[in-house]
Trainee: 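Structure provided below as C-alpha cells; questions to follow.
Here the structure is a predicted model, which means the values were calculated and not measured. Each residue takes its place number in the sequence, starting with 1.
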Amino acid sequence: MSLSGSNQFSFVMIGRIVSAGLQALFYLIFAAFLEPESYGNLSYLIALAGTFSIISRFGLNHSVTVYQAKNNLSFVKSINNLALISSLIASIILLMIDLFAAVLCFGMTLYVMNIHNLLGLKKYKKYMWIEVLRGIFIISIPFPLYFIFDISGLLLGISISYMICSLDFFKFLSLKRNIFAELKTNSKTLIHNFGVDFSIRAPRFIDKLIIFPILGFTNLGIYQLNIQILFGLEILPLALHSFLLSEESSGKKHNKINYLIIISSVVIALLAILISPFFIDEFFPKYSSGIPSLQILIIAIIPLTMSSILNAKLQSKESTIVGYSAIVRIGSMLVLIPVLGGMFHLIGISFAVLLSIILYTASLCLIYKKSSNIIKK
C-alpha cells in the first residue's frame, strides 16, 4: 500500500527536524562555552569546506533527484560518477589551505549526493533514518576529538559523521567509459540546478567568508550563532523543497501542504522574534549584543519558505532559467554585506542577508510567472 503525500512528507520532515535539531544543538553547545572569537574561527573553516563542496558538486545533487524520479538510470550513473570525481578534485585543492576542511568538504559532498539519490527514488523512510543518524553522530563523535585536537578535532568529527552516513552512495556508482556525453546533452538543466543549489546552500557559507575580513572572528562568531538559529527555523522550507522536488518531478501536486507550511513559517517567525531576547540572555550572554540583528534575520524565514516551493516547481519542469536566481541572491549578498556591514556592523549584515533573500524570492516569482506563461502558449 502506497503512503499518502502527507505521510511521505512526514518522513522527510522528521529526518530534517531531528538531524538539523541535533546539528543546531552541537553548534549551540559549543557557542555556550567557546569564546566568540574561537567560535568564529570554527565557523570560518566549516564555511570554507561547505563552499568548496557546493562548487564541486555543481548542483548534481538536485539533478540526480530529478532524474532518479524520472527513472533515467543511465544519466543518474553519469551524474553520480561525476560528483565523486569533482569532489575529490575540490578536496585536493582545499588540502593546500586546511587538511581538516578538505576532509570535511569530501564528506559533505558524498553525504548530500547520497540523500538526494534516496529522495529521487522516493525512499523517504530510509532518508529519514540516515538524516537522524547523521544528527546523532554529529552530536556525539566530535566531542571527544575536540579534547584531543581542539577546533581541528571538531572538523574531523563532523567529517566522520558525514562519511559514515554516505556509505550507501557508493552503491549508486558504476564504471562507465564515457560519462560526459549525456552530461553535455543536458548541460543547460545541470547548470541551472547548480544555480539553485548554490543559491540555497552557498548563503549558509559564503557570507562568513565575506564577514571575516570586514568584522573579524569575534563578530563573525556572534553572527554565526544568529544565522544558526535561522537555519534551525529553516527546517520546514528545506524539508518541503526536498519533498516537492521528487513529487513534482513525478507530476504530483501538494498545494495544501504548501499553504500550511507558509502559514506555519509566519507564526514561527513571530514567536521567534518575541522569544529570542530571553533565549540569548539566558543561555548565551556573551552573544547578547547580537539580539537586534537576530530579530531582523528571523524575518527571512517567510520569503525562504516561498522560495523553496518555487524552486521545486521550476526544477521539476527542468527549467533552464531558474539558476539565474542564484545570481540575484549571491550577487546582492556580495554587494550588500560589505556596504551595510561596514556601515552598521551586525545590524547591517542582517539587513543585507534579509534583503538578498527578498530579492531572490522576487526573482523566482518572476521566473515562475514567465515559465507558466510559456507553458500556456
Trainee: Tyr111 and Glu131: side-chain donor and acceptor closer than 3.5 Å?
Mentor: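 Glu131 and Tyr111 do have a side-chain donor-acceptor pair below 3.5 Å.
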Trainee: So does Phe278 have more than 12 non-hydrogen atoms from other groups sitting under 6.0 Å from CZ?
Mentor: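 No, not enclosed.
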Trainee: Does the side-chain contact (heavy atoms from CB on, under 4.5 Å) test come out yes or no for Asn80 and Phe170, once each step is laid out?
Mentor: CA-CA 9 Å; Asn80 285 321; Phe170 294 96; over 6 Å; no
Trainee: Quick check: Phe212 with Phe217 (ring centres under 6.0 Å apart)?
Mentor: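 They qualify: ring centres under 6.0 Å apart.
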Trainee: So, Thr109 versus Ser53: side-chain donor-acceptor pair below 3.5 Å or not?
Mentor: yes
Trainee: Set out, in order, the CA-CA distance, both residues' side-chain angles and the distance that settles ring pair (Phe, Tyr, Trp, His ring centres under 6.0 Å) for Phe106 and Tyr162, then state yes or no.
Mentor: CA-CA 9 Å; Phe106 186 65; Tyr162 276 111; over 10 Å; no
Trainee: With a sphere of 6.0 Å drawn around NZ of Lys125, does it hold more than 12 non-hydrogen atoms of other residues, nucleotides or ligands?
Mentor: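 Atom NZ in Lys125 is not packed in, count stays at 12 or less.
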Trainee: So, Arg134 and Ser19: side-chain donor and acceptor under 3.5 Å apart, yes or no?
Mentor: yes
Trainee: Scan side-chain atoms only and decide if Asn114 and Ser166 contain a donor-acceptor pair under the 3.5 Å cut-off.
Mentor: no
Trainee: With rounding to the nearest 0.5 Å, note down the distance linking OG in Ser87 to CE in Met113.
Mentor: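 Rounded to the nearest 0.5 Å, the OG-CE separation comes out at 9.0 Å.
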Trainee: Could you tell me if Tyr287 and Asn226 have a donor-acceptor pair between their side chains, going purely by distance under 3.5 Å?
Mentor: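 Checked: Asn226/Tyr287 side chains show no N/O donor-acceptor pair below 3.5 Å.
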Trainee: Please table the atom pairs, donor to acceptor, closer than 3.5 Å between any side-chain atom in residues 35-47 and protein atoms at least two apart or in another chain.
Mentor:
unit_1, atom_1, unit_2, atom_2, d
Tyr39, OH, Tyr27, O, 3.1
Ser43, OG, Tyr39, O, 2.8

